[in-house]
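Before any comments, here is the structure.
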Amino acid sequence: MRRMSWLGGVAAVALILTACGDDNDDETAEGSGGSEGGSGEVEVFTWWTEGGEKAGLDGLVSVFGEQCADFEFVNGAVAGGAGSNAKQVLASRLQTGEPPDTFQAHAGGELLDYINANQLEDLSGLYDEWGLTENISENLLDAITVDGAIYSVPANIHRANVVWANPTVLEDAGLPIQAPASVDDWLADMQALRDAGVDAPLAIATDWTQTMLLEAVLIAELGPEAYSGLYDGGTDWSSAEVTAALEKFGELMSFTNEDRAGLDWPDAANKVTDGDAAYTLMGDWTAGKFDEDGLTLDQDYVWWPSPGTDGVFQWLADSFVLPVGAPNRAGTECWLDVVGSTDGQREFNTVKGSIPARTDADPAEYGPYSQAAIEDWASDDLAPSLAHGSAAPVSLIDAVNSAVGQFGTGGDIGGLQDQLVAAAESATAQ
Ligand code: GAL
């Protein structure tokens, strides 16, 4: 296998700016299901432990129970949004040669980390056997393919650049229930909310959630093409345009809750639905959480693309892999077959807030948020997510999260930009 630099790899992913219609309507294959022979435990490693995330995992497990009845699912989940704890545990298990049978990995730059370390098996033979190649969204297939080999089975596609808002809080402050057109307009609304007594109108949580806010501002201020260039060398992190965007990010941060560093993403979402904040910016797993909480779209909450990013779908995808040295290979193959199957994707995605990675799913089976997301994925410009691994490898994600987390408490724009420049340089050098 050819070793790839992350820059080369992400460029090869080619998911940067194409409007992405899926022109493949082949409706042939359902997942073949059925166990491949064998028995025993299959440890599935994720970070999905509560709410819509757990409901999604449970959906996959129920199909696995039917189609892989000879095997026993073992839940290896480690709690913490975005894998904030899980990824470290996983890295040390891979290093000591004790991989789980399968683990959750983001398509794109993050997957390349594992591929380049020779930790994953090529699944292209299984793709042929299961008829998957024709049924997975073409752009996504590019993101998990390196030199013709395919290294994971995508379960879904998530959107990162989404703002979730409480309509009652907006109304009470005299604001319309509609997306501000730009970051500047959003800042003006934040001030109006504060004047109306909402001290921290934008609810946010620990460092990686702040990175998501930063990414959304960069997309809005630079445009999706220049934003994507931050990860393939086309855009300079030290430019004046980035400084200007960081200043806007700093202003937004001044409207956030001070207890952010100790919170996870569901805590920030709860502040919105409890009426303590007007907005949170978070991926569309929030739709899965709100469903699980029994909340209703347009009544309890509204959503829109983060201000200034309408027409851009900032994407990420959860996928499952066959690690080299997986203890139960046959059981893992059966799990992967379920993940890629029509049944598995329906049971997972209809409750997770994500949209299917398959192109043959029936949108009518999905709720109103997901139906809109399915349409946007097919027509919007695409931009990758840093915090969720589609844009770059884990080393850059960690360095940016740490810089942003420090900024959150210190607030020095020049220092933040210096750290971002250094992080990008060091990732490129690897
Ligand atoms: C992302 C993952 C999503 C969701 C989210 C919050 O990294 O792709 O599926 O789990 O973290 O935990």
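Atoms within each ligand, like the ligands themselves, are counted from 1 in listed order. Residues take their numbers from the sequence shown, with the count starting at 1.
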Would you please test Asn401 and Thr211 for side chain to side chain donor-acceptor pair (under 3.5 Å) and show each step? CA-CA 6 Å; Asn401 285 344; Thr211 297; 2.6 Å; yes
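In terms of heavy atoms, Gly405 sits closest to Gln210 at CA-OE1, 4.1 Å.
For the 3.5 Å distance criterion, the side chains of Ser124 and Asp122 qualify, holding a donor opposite an acceptor.
Within the 6.0 Å centre-distance limit, the rings of His106 and Trp47 are counted as a close aromatic pair.
The distance from ligand 1 to the heavy atoms of His388 drops below 4.0 Å at these ligand atoms: 1 (C), 7 (O), 11 (O). Shown in contact with Lys352 at under 4.0 Å from a heavy atom are these atoms of ligand 1, numbered in order with element: 3 (C), 4 (C), 9 (O), 10 (O). Within the listing of ligand 1, atoms 12 (O) sit less than 4.0 angstrom from a heavy atom of Gly81. In the vicinity of Leu316, heavy-atom distances shorter than 4.0 Å reach the ligand 1 atoms 8 (O). The ligand atoms of ligand 1 that sit less than 4.0 angstrom from a heavy atom of His158 are 3 (C), 9 (O).
Between Phe348 and Trp48, the angle of the ring planes lies from 30° to 60°, which puts this pair in the tilted group. Ring geometry, Trp164 versus Tyr369: the interplanar angle falls from 30° to 60°, so the pair is classed tilted.
With hydrogens left out, the protein atom closest to atom 12 (O) of ligand 1 is Glu53 OE2, 2.7 Å, a heavy atom.
No side-chain heavy atom of Tyr279 sits under 4.5 Å from any side-chain heavy atom of Val169.
With respect to the salt-bridge test (charged N to carboxylate O, under 4.0 angstrom), the residues Asp398 and Lys87 do not qualify.
When heavy-atom distances to ligand 1 are checked against a 4.0 Å cut-off, Asn156 has no atom that comes that close, whether in backbone or side chain.
Residue His106 has at least one N or O atom closer than 3.5 Å to an N or O atom of ligand 1. Geometrically, ligand 1 and Gln104 share no nitrogen or oxygen pair separated by less than 3.5 Å. Ligand 1 has a nitrogen or oxygen under 3.5 angstrom from a nitrogen or oxygen of Asp318.
Taking 4.0 Å as the cut-off, Ala82 counts as a neighbour of ligand 1 on heavy-atom distance.
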